[in-house]
Amino acid sequence: MLQIQQIKENKAATIEGLNRKYFKGGQEAVEQVLRLDEKRRETQVELDNTLAKSNALAKEIGGLMKAGKKEEAETVKAETGTLKVRSKELEESLKILESDLYEVLVTLPNLPHSSVPAGKTPEENEVILEHGTIPTLYDGAVPHWDLIKKYDIIDFELGNKIAGAGFPVYKGKGARIQRALINFFLDEAINAGYTEIQPPILINRESGFGTGQLPDKDGQMYHATEDDLFLIPTAEVPITNMYRDAILQESELPIKNAGYTPCFRREAGSWGAHVRGLNRLHQFDKIEIVRIEKPENSYAALEEMSLHVQSLLQKLELPYRVLRLCGGDMSFTSALTYDMEVWSAAQGRWLEVSSVSNFETYQSNRLKLRMKTEGKSQLLHTLNGSALALPRILASILENNQTAEGIKIPKVLVPYCGFEVIG
RNA sequence: AGAGAGCUGGCAGAGUGGUCGAUUGCGGCAGUCUUGAAAACUGUUGACUGUUACAGGUCCGGGGGUUCGAAUCCCUCGCUCUCUACCA
């Protein structure tokens, strides 16, 4: 959520930023926010004054009662009636104004960082780096959805039987390589200074609001209605919400957390080759890194996170590229996002495997996540990224490393897997 | 799941209708003393909102109610603890 104070002080820059994100009606929305805020403050002042009068009279009555002047007290009591009615009215309109303001405010996306390239579509994202060579596959090479059947390591039909589409069953070496990837990613994160977290994978409404899944993206989460809990779409939600409504000491920063969780997404996408196999699932595994930083350090932290993700891809010997997303393709909440894409040899296209973002104060404003310095509290910056999500990494490993003799496991994973080939 | 007891400032813990946003202790910060430190002593120390600054307003688990006035009474939801039951 954007800060009203910032909008007020930088009206033109706010509108310009909204435009760069291709947000429609930015100017009108900003003006509406300012109008509602002014009205809200006027009402607040009037309410405060009314309450102040009521409080003064109540004290007076208290004094008179103590002094035993009952009749005088009754006279003053009569005066409070109109004040009470008035403050009720004002309270009502204040509530309405506040929720109106909130409703407009939450529709506004975060403003893009100055380095964000102009553009609206994925094609306009800026490729800032390419690493590794795209492999030439042998003649019998096939996409991963054929490989998993050939080697019987992932069974979609079985998942379909016990849960539904998009819930794969990993078997044998398929299950073992999953576990190997999880441990590898977690170990790498710990070595990079992150603290391992095992959060709940069900969250309450407050947490959903905190990171912005609620109120309007609730259709994308599985909902346990009996207890009004939601299955997490990413570990970002519980791990970031650990710091909801918190005031941190400067000495506690930076905070670097990493957590492995299964992730659940209801709207896994439409049919077609782009969502076949492991490309898009209802349930998948992911290691997420989450950081809380002082504002002046957050962009250095973002670069560090990007390098961390890249080091994982390098160790897995996967050819990848890094994109700086353009304004129109960035997520709603992000100020700057890098996407890492891995080359999927048999599909012949780039697959997004990670997205690291700096949200600046957009999340912390709603979370009320602050730091205290010299008696003043200021909002902190939050960042997160996948490091990494398993399905597409697995797909790329399978496709890029396939040979006539089987699939070769990347060296770095062999100690974790306990085997060198799937064949 | 049943019965009971609770939920107050960073922590502990008073406060059962009237200057209570809240006694006190610990912790934190500043100072005095000291070569320095400790001890002792003195002062200070919640959040949000708001004003140029003051003032003012809101917050005692969340929400609602009674009252001129609520931390205190009532309703409701949530959570914690103890006992019983159940269970990986």
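Just so it is clear, the model here is predicted, and its values are computed rather than measured. So you know, we letter chains A, B, ... as the sequences are listed, proteins then strands, and number each from 1. Scope of the values below: all heavy atoms of this structure, side chains included, with no hydrogens, waters or symmetry mates.
Atoms CD1 (A:Ile247) and P (B:rU45) sit 17 Å apart, rounded to a whole Å. The separation between A:Asn365 atom CG and B:rC48 atom P is 13 Å, rounded to whole Å. What separates CG of A:Leu64 from P of B:rC68 is a distance of 15 Å, to the nearest Å. Atom pair A:Arg244:CZ and B:rC48:P shows a separation of 18 Å (rounding to whole Å applied). Between the CD atom of A:Glu91 and the P atom of B:rG57 there is a distance of 14 Å, given to the nearest Å. Going from atom NZ of A:Lys59 over to atom P of B:rC68 covers 18 Å, rounded to whole Å. Atom pair A:Leu47:CG and B:rG57:P shows a separation of 11 Å (rounding to whole Å applied). Atom-to-atom, CD1 of A:Ile61 to C1' of B:rG17 comes out at 14 Å; the value is rounded to the nearest Å.
Only the C1' atoms considered, B:rC79 is 43 Å distant from B:rG31, to the nearest whole Å. Using C1' as the reference atom, B:rG43 and B:rC33 are 15 Å apart when rounded to the nearest Å. Remark: the separation of the P atoms in B:rG69 and B:rU82 is 41 Å, to the nearest Å. B:rG9 sits 14 Å from B:rG25 when the C1' atoms are compared, rounded to a whole Å. Rounded to a whole angstrom, the distance from the P atom of B:rC26 to that of B:rA85 is 44 Å. Straight-line distance between the P atoms of B:rA71 and B:rU16: roughly 13 Å, to the nearest whole Å. Between B:rG6 and B:rA14, the two P atoms lie 11 Å apart (nearest whole Å). When the C1' atom is compared between B:rC60 and B:rU51, the two are found 27 Å apart, to the nearest whole Å.
Under the side chain to side chain donor-acceptor pair (under 3.5 Å) criterion, A:Tyr222 pairs with A:His282, sequence neighbours left out. Among residues two or more places apart in sequence or in another chain, the side-chain contact (heavy atoms from CB on, under 4.5 Å) test is passed with A:Gln3 by A:Gln6, A:Thr361, A:Asn365, A:Leu379. Every residue meeting the side-chain contact (heavy atoms from CB on, under 4.5 Å) condition with A:Gln32, not counting sequence neighbours, appears here in chain and number order: A:Arg35, A:Leu36, A:Val104. When the side chain to side chain donor-acceptor pair (under 3.5 Å) test is applied to A:Thr121, the partners found at least two apart in sequence or on another chain are A:Glu123, A:Glu124. Among residues two or more places apart in sequence or in another chain, the salt bridge (Lys or Arg N to Asp or Glu O under 4.0 Å) test is passed with A:Glu399 by none. Contacts of A:Asp37 classified as salt bridge (Lys or Arg N to Asp or Glu O under 4.0 Å), with partners at least two apart in sequence or in another chain: A:Lys8, A:Arg40. Checked against salt bridge (Lys or Arg N to Asp or Glu O under 4.0 Å), A:Glu188 has the following partners two or more places apart in sequence or in another chain: A:Lys315. The side chain to side chain donor-acceptor pair (under 3.5 Å) check on A:Ser298 picks up A:Asn358, A:His381, with sequence neighbours excluded.
Residue pairs meeting the side chain to side chain donor-acceptor pair (under 3.5 Å) criterion with at least one member in residues 413-423 of chain A, sequence neighbours excluded, are A:Asp187-A:Tyr416.
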Encode nucleotides 59-66 of chain B as B, S and - characters from 5' to 3', where the letter depends on protein heavy atoms closer than 4.0 Å: B to the base, S only to sugar-phosphate, - to neither.
-----S--

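Toward the 5′ end of RNA chain B lies the nearest nucleotide of A:Arg370, the other residue of the pair A:Lys77 and A:Arg370 mapping further downstream.
Comment: A:Arg86 engages A:Glu89 in a salt bridge, judged by a side-chain N to carboxylate O separation of less than 4.0 angstrom.
For the residue pair A:Thr211/A:Gln213, the side-chain donor-acceptor check at 3.5 Å is satisfied.
Shown here for A:Glu341 and A:Glu352, the closest heavy-atom pair between the two residues is CG-CA, 4.0 Å.
Within the nucleic acid shown, A:Arg205 has no heavy atom closer than 4.0 Å to any nucleic acid atom.
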Please enumerate all protein N or O atoms sitting under 3.5 Å from an N or O of nucleotides 49-56 of chain B, with distances to 0.1 Å.
{"unit_1": "B:rU51", "atom_1": "OP1", "unit_2": "A:Arg41", "atom_2": "NH2", "d": "2.5"}
{"unit_1": "B:rG56", "atom_1": "N2", "unit_2": "A:Asp48", "atom_2": "OD2", "d": "2.6"}

Toss me the dot-bracket line for RNA chain B: Watson-Crick and G-U wobble, both under 3.5 Å, 5' to 3', using | for pairs to another strand and [ ] for crossers.
((((((((.[[[..)..(.....]]]((((((.......))))))((((......)))).[[[[[..)....]]]]])))))))....

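In this structure, A:Lys173 fails the cation-pi test against A:Tyr151, since its NZ or CZ atom is not both closer than 6.0 Å to the six-membered ring centre and inside 45 degrees of the ring normal.
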